[in-house]
Amino acid sequence: MYFLLVYMYIKNHVYMFPDLLGCHGKCRRYLFCCFQDRAGQFFSSGHTNNWAVLVCTSRFWFNYRHVANTLSVYRSVKRLGIPDSHIVLMLADDMACNHRNPKPATVFSHKNMELNVYGDDVEVDYRGYEVTVENFLRILTGRLPPSTPRSKRLLSDDRSNILIYLTGHGGNGFLKFQDSEEISNVELADAFEQMWQKRRYNELLFIIDTCQGASMYERFYSPNLMALASSQVGEDSLSHQPDLAIGVHLMDRYTFYLLEFLEDIHPASKTNMNDLFKVCPKSQCVSTPGHRTDLFLRDPGSVLITDFFGSVRKVELTMETINLTDPIDAESGELQKEMHTYADQLPVSEIIHQKPKQKDWHPPDGFILGLWTLILLVFFQTYGVKHLKHIF
Amino acid sequence: MATTEVERRRGQLAALSIAAVVIIVGVPLWWRTTETYRAWLPVSQIKELAKLQLHLSADVEVVFARGTVTPEQQKKVPLTQTQNMEHRVDGDSFNAILTPMRLSNSASVEADLSLHTLSESPSGSLVVYVIPESSSLLPQNVDVYIGQRRTALLRIGSQMRVGKTLEQLLAHMEPRIKQVLHVMSFSHTDITAALSNRVRISPGNKESIADSMRAFKSSPGYEITFSLLNPDPKSHRLHWDIEGAVETYIQPLLTKLSPVANFSIDSQTLYYAMLGVNPRFDSSRSTYTLNADSLAHVINPVEARLGSNAASSNPVLNFLLYIPDAHHSPLYIHDHKKQQVPTNAFHSPRWGGIMVYNVNEFYEVDTVFPVDINIDMAKVMGVFLAQLRLLLGVQSSTPPPGFLVAPCGNAGLADWELDRLMWSRSVENIATATTTITSLAQLLDQIGNIVINDNIAQQVSSAVTSLQLAVSELEAGNLGFALQYSKEAILSSERAFFDPSLLHLLYFPDDQKFAIYIPLFLPMCVPILLSLLKIVSEARQKHREKKPKKD
């Protein structure tokens, strides 16, 4: 019994990557000059594509606000240009279609139901019980089974800027997933180091909106990481307003003011990170938001919001062309026409006229045997063994 | 009295035997059963590989044509000469470049040239013909001509009139041949760019940074998607023979690049796909214009509709052909100086390219809509091919002054350009695979609890073997084999690093370990320890009692 309990405890606490002793040898640093001319923007950030990993870790109806948090960041990030193929959205519970939702298929972020962040085209990549510590770490490190589809992978390269947003219930040094397991700050830091070793990111922005969120970025040691948290160690992050019709708190304060800030950003805006650090001061948030920029190489004042939240492409004009003189082979065109036929998906005629398969005979299984043994035993117990000779 | 004595002896024996069983049988059993399975890894070989000393060796054959050397000098020309240039890259990886040069004489350059255009030089080698100053093979202001195959014509300088000594001649030729080598095979900047994973990039050269950001990283396969965007199907009914065009124009390039990577091509047509930007009307030219600044915002709204192959994780190159709708025709792209871009196309690094194809000249104002339009695929594919070359990293920086580069042939790729790509890809693959293997070995070394399955150990071993083979092939100058081994090394190392089983790690911080073991072992160990202590104290007491008796 003891062993069973211990085994269950071990099974539910699958940790990985403990105290990795720092990065091996020197940290590779990339130096970029900032050029003054317009082409300088090409080089100032050094990234060519953007990714976002948005995670909501809590379930149950009363944690509605965490799902609304994540969806509002998702909405901003999509509006500013990152396509769904570059967003990994993990929602631990389904609030829009929850039985307790008085307005089904909606998730609101503001009371009086002003803004429906669920929208028409939300694409959730990991839903419900798929949101686990293991899956989250697999996404970050890339160690997914080969059968995982493209939409569930983080296919970033060394020129990708990644935005990671976590929200849920947390504590000093951990974040709770699904009310049953935790991810610790050591594991998160080690996962980022694994990403750095494999050059899976150019720069990474980590935002966390939980209680004592600043403890989660304390242990980072890889370069090019910038982190923001909604509260310091020892403080709780508070929720914003409840909506009386829906009956739960709709958003957390930090993400509410973050969303307000992001609504003013458009793809061509030049707002930088220093403005983002000022979002939700103590007067509005009650908790003290914190940030960490010592591992980040560039000056935060030169980092645009759209470097992480949007997807502004670098573009070059094509100046050359190749002179092609061969004509296209006309014959191949006619052959192609015959190849367009409809392929039967299922052999329907065979299936309709199939006879039921002969099932092999199996001896009666354990339950039946046991039942009969019990009956026989009771019979002989009551009536005595001497009747055996009448049976056999 | 005797029975209590016997009882006590029996008790002592029982305690002692239980303690013996626990220590001799129990502890090893517990140790073996809680051990994690770790297959053997070739750690020492991995450490050696981490030092990454690469020797790149290129064969250069220099042929002196008639009129460049005197007959006496002809006899004295050495047959081979080895040039050794050592470069240090970031202090912990070295390049030593050896170029064995074979010097030979030729009476007739034209005959030789025709011979060489027929025969294939092996991959990675070069032939340089040195022609006299007054030769008419090259135009006046051109000193070097680089051919489609692996040949180059080098005009001997005016200082080197006949009469100088052989040593001066060779000393004069050396730097110029090195320059040709830099353009056609590899240079220090190319190798540094290929090693960018391990190496600090100095921001000095703007062009090289742009080159490294633009081209896709080395990958075993790429997917190419051609999309036709028709925002106005009511006005234009478009026909494009994409299959024929791909077969005729794109496939030769991809076939030539097959040693480098696998390619898969698909195509699609998207209707009602708009650009996200409103073009401006330019009244002076009565055309619609797209400013270079607004091009960056064009891609994102379209990308959401493009789609990609869900099964593979290969990088995708998108080539879009946009036909402007009838109300916004003709549409031209203007650069920063408000000049029309002749190709009417632009590309985005590591993503793909977009070309705007105007069809308003195919019909007049009063034609019946929709109009059938056949797209001129040669023109379109010419632009896409140029963009494809840029995105794959084939194109390099502009050649130095005085160089004339022959246009690439029908395949869209000259042999020496393929060699260039193969050199940098081999180096990049070797560097990436080495970094992956070393960081994996370090990770597995530092975390004692991780389980190393046999298949991971096998992948690591095969990666190490392939790396060693690749390095030795590079040194020998066999470029094709080197690239092949480096690709195998990359595949094995990636498979080993990204194996899903490397996450099945049981991690317990120390306080949790105590919390688990104490309730299990303490109740068992305490009676044993106490009884052992009791035995020891009784034995000591008896010994003390015996002592006064002895005295």
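Residue numbering restarts at 1 for every chain, and letters A, B, ... go by the order of the sequence lines. As a basis for the values below, the full set of heavy atoms in this structure was taken, side chains included, without hydrogen atoms, waters or symmetry mates.
Using a 4.5 Å cut-off between heavy atoms, H297(B) contacts chain A through its side chain alone, with no backbone atom that close. When heavy atoms are compared at a cutoff of 4.5 Å, D84(A) does not approach chain B at all. F384(B) does not touch chain A: none of its heavy atoms, backbone or side chain, sits under 4.5 Å away. With a 4.5 angstrom heavy-atom cutoff, L295(B) touches chain A via backbone and side-chain atoms both. With a 4.5 angstrom heavy-atom cutoff, L306(B) does not touch chain A via any of its atoms. Neither the backbone nor the side chain of V380(B) comes within less than 4.5 Å of any heavy atom of chain A. Interface residue E494(B): only side-chain heavy atoms are found under 4.5 Å from chain A. In this structure, the portions of D335(B) lying under 4.5 Å from any heavy atom of chain A include both its backbone and its side chain. There is no contact between M355(B) and chain A, counting heavy-atom distances below 4.5 Å.
The CD atom of Q194(A) sits 9.0 Å away from atom CZ of F498(B), with the distance rounded to the nearest 0.5 Å. Atom CG of L144(A) sits about 9.0 Å away from atom OG of S313(B), to the nearest 0.5 Å. Here the CD1-CG distance, from I322(A) to L413(B), works out to 9.0 Å after rounding to the nearest 0.5 Å. Between the CE atom in M381(B) and the OG1 atom in T321(A) there is a gap of 11.5 Å [rounded to 0.5 Å]. To the nearest 0.5 Å, atom NE2 of residue H86(A) and atom CG of residue N300(B) are 9.5 Å apart. With rounding to the nearest 0.5 angstrom, the CG atom of D158(A) is 4.5 Å from the NZ atom of K217(B).
Put simply, of A345(B), A304(B), G353(B), A378(B), the one with the most heavy-atom pairs under 4.5 Å next to chain A is A345(B). Counting heavy-atom pairs closer than 4.5 Å to chain A, the top residue among L440(B), I354(B), N314(B), N344(B) is N314(B).
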| task | Start with the C-alpha gap between E316(A) and S348(B), add the side-chain angles, then the distance that decides, and say whether side-chain contact (heavy atoms from CB on, under 4.5 Å) holds. | result | CA-CA 6 Å; E316(A) 283 179 327; S348(B) 178; over 6 Å; no

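Side-chain contact check for N49(A) versus R350(B): every heavy-atom pair is 4.5 Å or farther apart. Inter-residue side-chain proximity for K198(A) and T436(B) is flagged as met; some heavy-atom pair is nearer than 4.5 Å. Counting only heavy atoms from C-beta outward, the side chains of T318(A) and V341(B) never approach each other to under 4.5 Å. Two residues are said to be in side-chain contact when any heavy atoms from C-beta on lie closer than 4.5 Å; K314(A) and R214(B) fail this criterion.
Contacts of F309(A) classified as ring pair (Phe, Tyr, Trp, His ring centres under 6.0 Å), with partners at least two apart in sequence or in another chain: none. The side-chain contact (heavy atoms from CB on, under 4.5 Å) test applied to N172(A) returns Q212(A), S215(A), V233(A), not counting sequence neighbours.
In summary, R389(B) and E320(A) do not engage in a salt bridge, as defined by a charged side-chain N under 4.0 Å from a carboxylate O.
With a 6.0 Å radius and a threshold of 12 heavy atoms from other residues, nucleotides or ligands, E223(B) has its CD atom above the threshold.
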